[in-house]
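Below: one structure, written as structure tokens.
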Amino acid sequence: MSLSLGVIGLGRMAQVILQSLFLKEKFSSDEVLGVVGKTKSVEQVLAQFSNDISVVAANDSEAEKVWQLPVKILAVKPQQINQIKEKAYIASDLSKDRPLLISIVAGVNLTRLQALFPSHACVRAVPNTPVLVGSGLTGLSWGDRVSLEQRELVEAIFKPNSEVFELPEEHLDAFLALTSSGPAYVALISEALADGAVAAGLPRDLAQSLTHSTLEGTALLLKQKGLHPGQLKDMVASPAGTTITALRHLEKQGLRSALIEAVVIAAQKSREMA
Ligand SMILES: NC(=O)c1ccc[n+]([C@@H]2O[C@H](COP(=O)([O-])OP(=O)(O)OC[C@H]3O[C@@H](n4cnc5c(N)ncnc54)[C@H](OP(=O)(O)O)[C@@H]3O)[C@@H](O)[C@H]2O)c1
């Protein structure tokens, strides 16, 4: 089979996306050309894939081939994006779609993408880290000139490992502040809860494992029963009991306000980066 998917920045996030594409047989390994920054990264990336894909370093002459492919995933770090120079692709058949560029680079908006890659139809995708376990969330915003067929392809790329949401671009910063940064907030809360349980006398492993299950079970209960979080809180907190005593303490310490402000400030930062 011939090459059809280019991955510019075959790092952690792109590797996860590729693995699930192979698993779901959306693309086969011999269709993919991946580009990484450093020559020493080529071997490291190849070791992640049991099937043989083509991976080259950015300074290898073969890397230029990526620009001839109809679909590219751009997954470099935001600060590396200015190193990526489009080699304009002129389709032999002008009635065909423009080549598609799917960017997962945080904080680079569609206007900037279109300016950097003018011969492409661009899409912004915001996946989050739980795509690693097939429980991710991905927000998508379409640039101009993305055809219906290309939209279907983009959805097929992200659906195997995440729930996909199409959003106007002005909502992507808030989406990112909640879902992409969210796993870090939840990890922090998880660690702190486990620390509390250790301080109260539980062994560390048990405390952490119970914390994971409490978070998982609570999210499932809220989702499956369609409960408002306030309803669940009231169900658990009995008069003059342990839970209401702890909740009172959390309110005094400003936990709720700290979390609200964290999401708002992350969205603001994402807007500033753009
Ligand atoms: N991690 C997340 O949860 C998450 C979620 C949503 C979006 N994102 C976005 O995904 C992007 C990638 O994140 P990541 O965590 O996967 O980062 P990463 O592991 O550092 O991957 C970046 C990749 O880009 C390569 N690269 C550097 N310079 C290059 C160049 N000139 N040409 C081609 N490739 C080049 C790097 O190769 P070398 O290692 O050899 O330098 C590396 O393979 C970021 O923009 C981030 O904002 C991440």
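All ligand and atom numbering here is 1-based and tracks the order in the structure.
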Geometry only, no angles: is [X] polar-contacting ligand 1 at N/O separations under 3.5 Å?
X     : result
Ile8  : no
Lys38 : yes
Arg12 : yes
Ile84 : no
Met13 : yes

What do we get for [X] next to ligand 1 when only non-hydrogen atoms under 4.0 Å count, side chain, backbone, both or neither?
X      : answer
Pro127 : both
Pro183 : neither
Ala106 : both

Looking at Lys65 and Glu62, is there a salt bridge between them, counting it only when a charged N and a carboxylate O are closer than 4.0 Å?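 Yes, charged N to carboxylate O under 4.0 Å.
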
Any carboxylate oxygen within less than 4.0 angstrom of a Lys/Arg side-chain nitrogen, looking at Arg98 and Asp144?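 Result for this pair is no, no salt bridge flagged.
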
Passes side-chain hydrogen bond (donor to acceptor under 3.5 Å, both in side chains), Glu86 versus Trp67? Steps please. CA-CA 7 Å; Glu86 178 190 74; Trp67 295 106; over 6 Å; no

Sub-4.0 Å heavy-atom approach of Thr129 to ligand 1: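 Contact present.
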
May I ask you to check whether over 12 heavy atoms, not counting those of Arg145, lie within 6.0 Å of atom CZ?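 Correct, the count exceeds 12.
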
Would you mind telling me which of Ile53, Val35, Leu33, Val76 makes a side chain to side chain contact (heavy atoms under 4.5 Å, CB included) with Leu10?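 Running side chain to side chain contact (heavy atoms under 4.5 Å, CB included) over Ile53, Val35, Leu33, Val76 with Leu10 returns exactly one hit, Ile53.
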
